[in-house]
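In this chain, residues are counted from 1 in sequence order. Values below: all heavy atoms of this structure, side chains included; hydrogens, waters and symmetry mates excluded.
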Amino acid sequence: MSGAVETPAPPAPKPPVSDTAERKKLVAMFGGEYRWPRAENYLNEVLGKLARVSDTPSQPYRVTILNSGAINAFALPSGDLFVTRGLLALANDTAEIAAVMAHEIGHVTARHAFLRAEQEKTAQVITRAATVIQSRHKGEQVETSSALSLAGFSRQQELEADRIGIRAAARAGYDPFGAARFLNSLERASELRDQATGQKSDKPDLLSTHPSTPERISAALGEARQIGAPGIGDAARGAYLAAIDGMTFGDDPKDGAIVGRRFVHPRLGFTFEAPEGFTLENSHSAVLGVANGGAEALRLDSVRAPAGKPLAEYLTSGWIDGLLASTIESGQVNGLSAVFADARAGEWNFRVAVIAYRDDLYRIIFAVKALTPEAQQQFAASFASFRALAPEEVKLSTALRLRVVVAGPKDTEATLEGRMAIDHPAEQFHTLNALGDAGVKPGDSYKIIAN
């Protein structure tokens, strides 16, 4: 998918000339560009207003929606802004999304993006585990669960960008309290994610690249109060919700979807389930997971099956280091040919399976410090969960959508939560709609997640 959103023709500035390599890298690592014309057009209008009142109105800007459920936004020194659809789903009105984009513009105008080097932030546990299982002779690159994340700004730079952004949003006519509202929602979303997984996630989001703290929220409120009392400026909730209504939510099914510990890939036609305690993360080319605070890790990926080469021969072809040849055994997984083995490198022990399905070989690798009989049993059960999807399962594996609904006279939090096709519906409904103690009001619009 493709399509960046550019600021309108004059009087808005022309789009920037990007650092093509960095732009392509960002877009690729966050699932590609996401096309949703209503949202693109709306962001285009908001960015045009913000650009005209920024501290550097001649600076060209454009915003691109990234096809990722992570909650993130960032800017390149060129003036390229990026927001994920996960972030758009979390925001509740135009003032909030204007605050996010104005904050990123603030980093550009203050030259923060020039003063820090971009870096790839990797999940250390999976990096350590995966690096030793990839052949150094093959030169294969290891993709980690953190994908790409930009280096965090300093506390001073964050506060400065907040201040610049809040003032710019207010000058553009938006509610300056939108920044604090969004930061509160962001913290709640992070807490909910950590509660669901039982551990801190390495998934790149706005808290990893733009740390949000009570101090920052307090400073945002203080800055807004200097501009005026609550109620000043336009929140434009209805127009914003209309723009994002119907967008994809969570994982994009074309790259597979994670449901709890289960991974389902309708296009490739298979499913796989991780052992109890694993938190999965889907990337463009692999499924990665961690458990027990990082003491265990897994990777599922695929390669094209070499013509005429037996599975056991492929297993010993040099793509994995430390293979223990004496442990190689052939077998089947749900009628599919498979081969299994152990490997050892440094402090890590590995249990490996290669399963032939259609024209590909699926490689499942578990990394653990101690390969105990209990761990072996868990991994064996997980290998056995790999199977072809039935036709009816493929049809049911459709994308989740963000739907905007109007509460009826008899609607309550419970009735709307009951329409959420997602785990932890009550918590997700509260977080997505920033309900607090307000409750549901008939006639108001709310976001739900549905098929």
Side-chain angles (χ1 to χ4, degrees), residues 70 119-136 140-149 190-205 207-208 251 256 258-263 271-283 285-301 315 319-324 326-329 333 340-355 362-386 423-424:
Q119 66 178 19
E120 291 184 0
K121 183 179 181 181
T122 58
Q124 294 182 355
V125 171
I126 297 180
T127 299
R128 289 196 301 268
T131 299
V132 296
I133 62 179
Q134 300 287 354
S135 171
R136 289 185 291 272
E140 297 181 7
Q141 292 185 347
V142 176
E143 182 174 0
T144 71
S145 66
S146 284
L148 175 70
S149 180
S190 178
E191 291 169 0
L192 178 60
R193 184 187 64 192
D194 291 343
Q195 289 169 8
T197 61
Q199 59 185 342
K200 290 285 186 181
S201 172
D202 286 320
K203 194 166 188 174
D205 65 8
L207 286 182
S208 63
D251 291 330
I258 292 170
V259 183
R261 293 183 288 114
R262 188 182 180 204
F263 178 71
T271 183
F272 162 82
E273 187 168 307
E276 188 76 37
F278 269 83
T279 300
L280 296 182
E281 225 173 271
N282 187 22
S283 72
S285 61
V287 178
L288 304 149
V290 292
N292 295 330
E296 299 177 56
L298 75 84
R299 178 185 176 99
L300 163 66
D301 64 10
L315 188 61
W319 64 275
I320 183 168
D321 286 340
L323 185 70
L324 303 177
S326 61
T327 66
I328 297 175
E329 53 183 330
V333 172
F340 311 90
D342 295 340
R344 185 174 300 124
E347 60 182 343
W348 291 95
N349 286 278
F350 305 94
R351 184 62 178 163
V352 183
V354 178
I355 302 170
Y362 288 84
R363 309 185 298 191
I364 307 172
I365 306 169
F366 285 97
V368 66
K369 297 293 182 66
L371 195 56
T372 62
E374 292 77 15
Q376 289 267 26
Q377 186 176 4
Q378 270 195 325
F379 301 157
S382 188
F383 292 151
S385 73
F386 187 99
D423 293 335
H424 310 287

### Task
In sequence, state the C-alpha distance, the side-chain angles, and the governing distance for Phe379 and Ile364, and then conclude on side chain to side chain contact (heavy atoms under 4.5 Å, CB included).
CA-CA 10 Å; Phe379 301 157; Ile364 307 172; over 6 Å; no
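- Considering every non-hydrogen atom in both Ala286 and Asp301, the closest pair reads CB-CB, 4.1 Å.
- Looking at Arg351 and Phe340, their side chains come closer than 4.5 Å, going by heavy atoms from C-beta outward.
- Among all heavy-atom pairs drawn from Ser382 and Ala274, the shortest one is OG-CA, 3.7 Å.
- Residues that satisfy the salt bridge (charged side-chain N to carboxylate O under 4.0 Å, His left out) test with Glu276, not counting sequence neighbours, are Arg261.
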#### Entry: Verdict with supporting geometry, Val354 and Trp319, side chain to side chain contact (heavy atoms under 4.5 Å, CB included)
CA-CA 12 Å; Val354 178; Trp319 64 275; 3.8 Å; yes
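- At least one donor-acceptor pair under 3.5 Å links the side chain of Thr271 to the backbone N or O of Phe263.
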#### Entry: Stepwise side chain to side chain contact (heavy atoms under 4.5 Å, CB included) check, Ile328 with Leu323
CA-CA 9 Å; Ile328 297 175; Leu323 185 70; 4.1 Å; yes
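- Between Leu324 and Phe350, every side-chain heavy-atom pair lies at or beyond the 4.5 Å cut-off.
- With Ser385 contributing its side chain and Phe272 its backbone, the two residues share no donor-acceptor pair below 3.5 Å.
- Aromatic rings of Phe366 and Phe383 (six-membered ring for Trp) have centroids within the 6.0 Å cut-off, being under it.
- Taking OG1 of Thr279 as the start and CD1 of Ile258 as the end, the distance is 9.5 Å to the nearest 0.5 Å.
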### Task
Walk me through it: do Glu281 and Arg299 pass the test salt bridge (charged side-chain N to carboxylate O under 4.0 Å, His left out)?
CA-CA 10 Å; Glu281 225 173 271; Arg299 178 185 176 99; over 6 Å; no
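- Taking the side chain as every heavy atom from C-beta outward, Leu280 and Arg262 never approach each other to under 4.5 Å.
- Taking both residues in full, the closest heavy atoms of Gly289 and Phe278 are given as C-CD2, 3.9 Å, listed atom of the first, atom of the second, then distance.
- Taking a 6.0 Å sphere around CD of Gln376, one finds it holds more than 12 heavy atoms contributed by other residues, nucleotides or ligands.
- Formation of a donor-acceptor pair under 3.5 Å by the Asn349 side chain with backbone atoms of Lys369 is found in this model.
- Using a 4.0 Å cut-off between charged nitrogen and carboxylate oxygen, Arg344 and Asp342 do not count as a salt-bridge pair.
- Contact check for Arg363 versus Leu300: no side-chain heavy atoms found under the 4.5 Å cut-off.
- Here the side chains of Ile320 and Val352 are in contact, with some heavy-atom distance below 4.5 Å.
- In this structure, Asn282 contributes its side chain and Val287 its backbone to no donor-acceptor pair below 3.5 Å.
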